[in-house]
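Reviewing the structure listed below.
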Amino acid sequence: MQNRITKLFNIRYPIIQAGMIWCSGWQLASEVSNAGGLGIIGAGSMYPDILKEHIKKCKLATSLPFAVNLPLLYPDIHLHINTIIEEGVKIVFTSAGNPTIYTPLLKENGITVVHVVSNEKFAKKAEASGVDAIVGEGFEAGGHNGREETTTLCLIPQLLNAVQIPVIAAGGIGSGRTMLAALSLGAEGVQIGSRFVLSEESSAHQNFKDIILLSTDGSTELSLKQLTPVRLLKNGFFNQVKQAEDLCATKEELKALLGRGRAKRGMFEGDVNEGELEIGQISGYLKSIKPAKEIINEIVNDYNSALNELNQQRL
Ligand code: NDP
Ligand code: NDP
């Protein structure tokens, strides 16, 4: 398949592995790229020296294109941008912030820029700032999420009406069949997170991977809407937040309950009761941990067989 997204990134399949804090280091990113997708190093949880190390290792592990996800709310963002430019990273996915501030600098340095959005207004703003493509992330997605609660099925057609640049769909996609659904909406690529948390190469703690395998529909919920909305797997920490919210806790009380480093504690250190576990709704469908390469092959085969099935059902 060739479309604007495969050409933009120079990749075989329009399958992009989401940049995920604590879960997507160089091992996962390089394996996804080697398998024909686009791997992304999640820089949000990395100190600047750690990001440098991961980029260097990724360059050694793959000669194919890979990207870095840069959450724009990252505290030492200038240091991350310097590293990205110095190390010659060619593709950056920005998220969680205003794309007008850093897109020009990244573009001046020859970097392809993609911005993650959750609504039409942000999509138009991203396009006006000069990004090359956008990721439209629906309500099903794990981790940080839009306030509008627009599902991927509704969001993607709205974004396609709003912008001319290519749209990549994210949220609720974990198989070839769901990828086909996204492409039939008009998206030119898919960004997949949760499925790759359950890869052998993801740096998520084994306890986190194991508990995801137990999830069913209803195991995740959007939480902390007063602070930054985030889709979490329900656990002890989630219940504490819910209880506090039911008692009308203030923002300050919620911030105090969250504390610092909750996500690291849950997803990287494996405290699945007290830590923050960011995962998408699709987790209820995911039943195995596999090498990233097998995941990509499975998605591609599943996509092709679903497409064949549909072709036989022409109206
Ligand atoms: P390696 O397997 O080569 O290195 C493992 C390193 O990770 C060891 O130095 C180990 O420290 C450290 N480590 C293991 N568990 C933890 C933990 N719970 N908290 C902090 N450090 C831990 O891994 P990579 O080459 O993939 O990683 C290089 C660096 O990047 C490491 O420091 C790793 O922690 C970090 N990393 C960060 C990610 C993020 O999102 N921020 C994602 C993946 C890795 P020790 O020697 O003390 O056992
Ligand atoms: P907290 O404020 O609770 O904790 C900060 C965590 O980030 C710590 O675990 C810390 O590691 C690590 N960290 C890495 N680099 C730095 C740095 N330069 N300064 C301070 N801490 C750093 O934040 P969260 O765990 O909730 O979120 C961590 C980061 O993830 C956010 O700053 C943000 O950039 C990013 N994020 C991005 C999202 C996205 O859009 N994809 C979604 C959610 C978060 P240590 O414990 O080893 O000190």
Side-chain angles (χ1 to χ4, degrees), residues 5 11-42 66-67 69 93 95 116 135-145 151-153 156 168-183 185 187 189-217 219-220 231-233 266-268 277-307:
I5 285 298
I11 53 175
R12 182 160 178 211
Y13 306 122
I15 300 173
I16 293 134
Q17 161 252 311
M20 300 167 288
I21 57 167
W22 299 115
C23 299
S24 55
W26 67 273
Q27 280 117 324
L28 177 58
S30 59
E31 272 305 297
V32 169
S33 290
N34 284 334
L38 184 73
I40 304 190
I41 296 175
F66 68 90
N69 169 227
F93 278 51
S95 55
V116 183
V135 175
E137 192 182 73
F139 181 55
E140 300 91 326
H144 286 262
N145 210 300
T151 60
T152 307
L153 195 66
I156 299 305
I168 297 162
I173 303 163
S175 63
R177 198 167 281 272
T178 41
M179 174 176 167
L180 178 62
L183 265 58
L185 291 176
V190 288
Q191 181 175 277
I192 297 178
S194 303
R195 184 66 195 97
F196 286 113
V197 173
L198 289 183
S199 64
E200 283 180 4
E201 295 85 354
S202 110
S203 51
H205 194 282
Q206 190 62 40
N207 294 351
F208 180 34
K209 294 183 187 179
D210 289 343
I211 201 168
I212 296 168
L213 289 173
L214 300 177
S215 58
T216 59
D217 54 341
S219 289
T220 72
R231 179 174 296 283
L232 299 179
L233 196 66
M267 300 193 283
F268 196 61
L277 306 177
E278 301 181 6
I279 201 78
Q281 276 186 337
I282 194 73
S283 56
Y285 170 84
L286 304 174
K287 299 290 170 230
S288 61
I289 299 169
K290 291 186 174 171
K293 190 176 176 188
E294 264 181 49
I295 293 173
I296 299 251
N297 289 342
E298 204 170 80
I299 290 172
V300 169
N301 292 336
D302 186 36
Y303 174 93
N304 285 333
S305 57
L307 184 59

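From a predicted model like this one, the values you see are computed outputs, not experimental measurements. Numbering starts at 1 and runs along the sequence shown.
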(request) First locate atom CG of Leu307, then atom CE of Met179, and finally report the distance between them rounded to the nearest 0.5 Å. (result) 10.5 Å
(request) Quick one: do Ser95 and Asn69 satisfy side chain to side chain contact (heavy atoms under 4.5 Å, CB included)? Show the steps, please. (result) CA-CA 7 Å; Ser95 55; Asn69 169 227; 3.2 Å; yes
(message) For a quick test of reading the model, state the closest non-hydrogen atom pair linking Ser203 to Gly25 and the distance between them.
(response) OG-N, 4.0 Å
(request) Any chance you could lay out the side chain to side chain contact (heavy atoms under 4.5 Å, CB included) test for Ile173 and Ile282, step after step, and finish with the verdict? (result) CA-CA 7 Å; Ile173 303 163; Ile282 194 73; over 6 Å; no
(request) Find the distance between CD (Glu278) and SG (Cys23) and round it off to the nearest 0.5 Å. (result) 8.0 Å
(request) Check Gly136 against Ile156 and note the closest heavy-atom contact, atom names and distance. (result) O-CD1, 3.7 Å
(request) Evaluate the side chain to side chain contact (heavy atoms under 4.5 Å, CB included) criterion for residues Ile192 and Ile299: first the C-alpha distance (whole Å), next the side-chain angles of each, then the deciding distance (0.1 Å), finally the verdict. (result) CA-CA 11 Å; Ile192 297 178; Ile299 290 172; 3.7 Å; yes
(request) Spell out, as yes or no, whether a donor-acceptor pair under 3.5 Å connects the side chain of Thr220 to the backbone of Ile279. (result) no
(message) Donor-acceptor check, side chain of Glu31 to backbone of Ala292, threshold 3.5 angstrom: yes or no?
(response) no
(message) Rounded at 0.5 Å granularity, tell me how far OG1 in Thr152 sits from CG in Leu185.
(response) 9.0 Å
(request) Could you pull out the closest heavy-atom pair between Val197 and Met20, with the gap in Å? (result) CG2-SD, 3.5 Å
(message) How long is the straight-line distance from CD of Glu140 back to CD of Gln281, given to the nearest 0.5 Å?
(response) 5.5 Å
(request) Give the intermediate values and the outcome of side chain to side chain contact (heavy atoms under 4.5 Å, CB included) for residues Lys290 and Arg195. (result) CA-CA 9 Å; Lys290 291 186 174 171; Arg195 184 66 195 97; 4.0 Å; yes
(message) Given 3.5 Å as the limit, does a donor-acceptor pair link the side chain of Ser194 with the main chain of Ser283, or not?
(response) no
(request) Decide whether a cation-pi geometry holds between Arg231 and Phe139; the criteria are a distance under 6.0 Å from NZ or CZ to the six-membered ring centre and an angle within 45° of the ring axis. (result) yes
(request) Work out which heavy atom in Lys209 is nearest to a heavy atom in Ile289; give both atom names and the distance. (result) CB-CD1, 3.8 Å
(message) Nearest 0.5 Å, please: how far is CZ in Phe66 from CG in Leu28?
(response) 13.0 Å
(message) Ignoring hydrogens, what is the shortest heavy-atom contact between Ser215 and Lys287? Give both atom names and the distance.
(response) O-NZ, 3.4 Å
(request) Ignoring hydrogens and angles, tell me if any N or O in the side chain of Asp302 forms a donor-acceptor pair with the backbone of Glu298 under 3.5 Å. (result) no
(request) Determine the minimum heavy-atom distance between Gln17 and Ser24, stating which atoms define it. (result) NE2-CB, 3.2 Å
